[in-house]
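Quick notes on the structure that follows.
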Amino acid sequence: MKINNRIAKLGEYHFKKIDDEKKEFLRSGKKIIDLGIGDPDLPVHPDILKELVDSLSVKDFNKYPPYDGLEELKKQIIKYYKNTYSVKLDLDEVLVLIGSKEGISNIIPAVCNFGDGIIMTDPSYPVYETAANLWGAVPYKIPLKEKNKFLPELNHISDRDMLKSKIFIINYPNNPTGAVANEEFYKDIVKFCADRDIVLCNDSAYNEIIEENRDPISILQYDRDKKNCIEFGTMSKTYNMTGFRIGYAVGNRGVIKALLTIKSNLDSGQFKPIQYAAIKALNLDRGYINSIRHIYDERRKSAEVILKNKNIEFFKTTGTFYIWCKVPKNYTTYEFCSEVLRKHGIVVTPGYSFGNLGYEYFRIALTKDKFIIEEGLNKFDIYNL
Ligand SMILES: Cc1ncc(COP(=O)(O)O)c(C=O)c1O
């Protein structure tokens with residue numbers, strides 16, 4: 001049977017090899033400590049669950065929701081941006097999504113013609129590259145280096161990449177490196193893209209997963225007129241709602257309109273009770289967010305102590321629930337991840353899943369209880385491998 005030949009371009013699904021080994025390991029009845037997935041283990045706040053259930057009695061709860069999202073939810077997102085970032089948004093600058101992944105993919109046909117370029121980083125969340133390939137756009141990858149704190153060097157981007165590109169996608173706090181960007185970087189990149197008429201997309205999935213009491217940053221603080229910026233957000237990580245599939249895009253109204261055109265032709269709005277649950281989530285006080293941050297801070301600190309004792313190098317960070325570690329010498333990332341799984345039953349993610357520059361790294365997800373993380377990492381003895 002003939003299928004889209006762009007699918008062939010996607011190459012091997014990198015998580016698959018380790019996934020297969022994990023399944024085999026589980027089949028043999030052995031215990032696994034899974035520090036691989038970026039899916040929080042924490043419970044959903046009871047108020048969110050109650051709202052989800054109560055909304056089943058709202059009139060027309062079962063009907064098609066509006067394509068662009070419930071107005072109440074859009075207003076709640078506007079309130080969140082005002083209170084958190086002092087950024088003012090109008091209703092037509094907000095679009096509710098079925099998870100931010102939906103928007104990250106659909107922004108490509110919304111902005112790009114076949115063959116247009118998208119600047120992205122290596123390493124990065126793999127969806128940017130796969131979506132670009134699927135939609136017939138060309139990914140231009142720029143390196144993230146540890147010596148630059150995993151921020152891209154804008155003056156090293158080639159003219160060819162810039163001329164052909166319509167989108168530049170960044171993601172801070174960053175998956176997989178954990179890097180957090182500063183104000184100076186945001187100012188520079190907003191100007192860089194505005195000067196070249198490139199749409200700057202900030203994937204802010206981990207905006208609130210930063211150290212306790214720090215202020216989150218929005219790209220729109222540096223593009224108050226929303227000249228060329230779009231930001232994607234999600235309830236998945238901050239509110240432990242990955243399975244709810246609810247997120248949003250905010251920013252330039254022309255791009256939001258184009259995104260809505262794609263969306264309304266491909267799918268519909270998210271189930272209304274899930275949208276009501278999202279309103280409830282965004283209405284929780286900052287104390288709740290700080291309690292989540294506190295948990296990840298504790299996990300990060302104790303993981304770092306163990307990694308240091310085990311002589312495993314890692315990038316010290318203040319954001320996301322990931323730790324980006326160097327694989328010990330004489331191992332490829334796959335060999336290392338496979339070995340810690342087979343010998344110790346610990347699942348970590350090979351760095352190449354995020355791009356070629358991940359070959360010397362592996363990623364630990366702090367999405368398990370602190371004591372489970374400690375138990376896993378304590379077994380993690382490079383001298384025994
Ligand atoms: C960087 C990044 N962006 C976006 C997403 C997708 O989030 P959502 O659940 O909103 O689709 C993820 C999920 O792992 C992610 O790591």
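Read the numbers this way: they start at 1 and go in the same order the structure lists the ligands and their atoms. Remember, it's a predicted structure, so these values are computed and weren't measured experimentally.
- Between the side chains of E21 and S338, at least one donor N or O sits under 3.5 Å from an acceptor N or O.
- Formation of a donor-acceptor pair under 3.5 Å by the N202 side chain with backbone atoms of E231 is not found in this model.
- R224 contributes no side-chain N or O that, together with a main-chain N or O of L220, makes up a donor-acceptor pair within less than 3.5 Å.
- Around atom 14 (O) of ligand 1, the closest heavy atom drawn from M241, K237, R245 belongs to K237.
- Taking a 4.0 Å cut-off on heavy atoms, D203 registers as neighbouring ligand 1.
- Heavy atoms of A205 found under 4.0 angstrom from ligand 1 belong exclusively to the side chain.
- The contact set between ligand 1 and G99, taken as ligand atoms under 4.0 Å from a residue heavy atom, comprises 10 (O), 11 (O).
- Closest to atom 15 (C) of ligand 1 by heavy atom, among Y248, Y125, Y322, is Y125.
- In M235, neither the side chain nor the backbone holds a heavy atom less than 4.0 Å from any atom of ligand 1.
- Cation-pi geometry between R27 and F25 is not met: the NZ or CZ atom fails to fall both under 6.0 Å from the ring centre and inside 45° of the normal.
- The ligand atoms of ligand 1 that sit less than 4.0 angstrom from a heavy atom of I104 are 4 (C).
- Distances below 4.0 Å separate heavy atoms of N171 from the following atoms of ligand 1: 1 (C).
- Ring centroid separation for the pair Y361 and W324 comes in under the 6.0 Å cut-off.
- For K187 and Y222, the positive end is not near the middle of the six-membered ring at less than 6.0 Å and at most 45° from its axis.
- Not less than 6.0 angstrom separates the ring centroid of F150 from the ring centroid of Y172.
- Contact annotation: for F232 versus ligand 1, there are no heavy atoms closer than 4.0 Å.
- Set against the non-hydrogen atoms of S236, the atoms of ligand 1 under 4.0 Å away are 8 (P), 9 (O), 10 (O).
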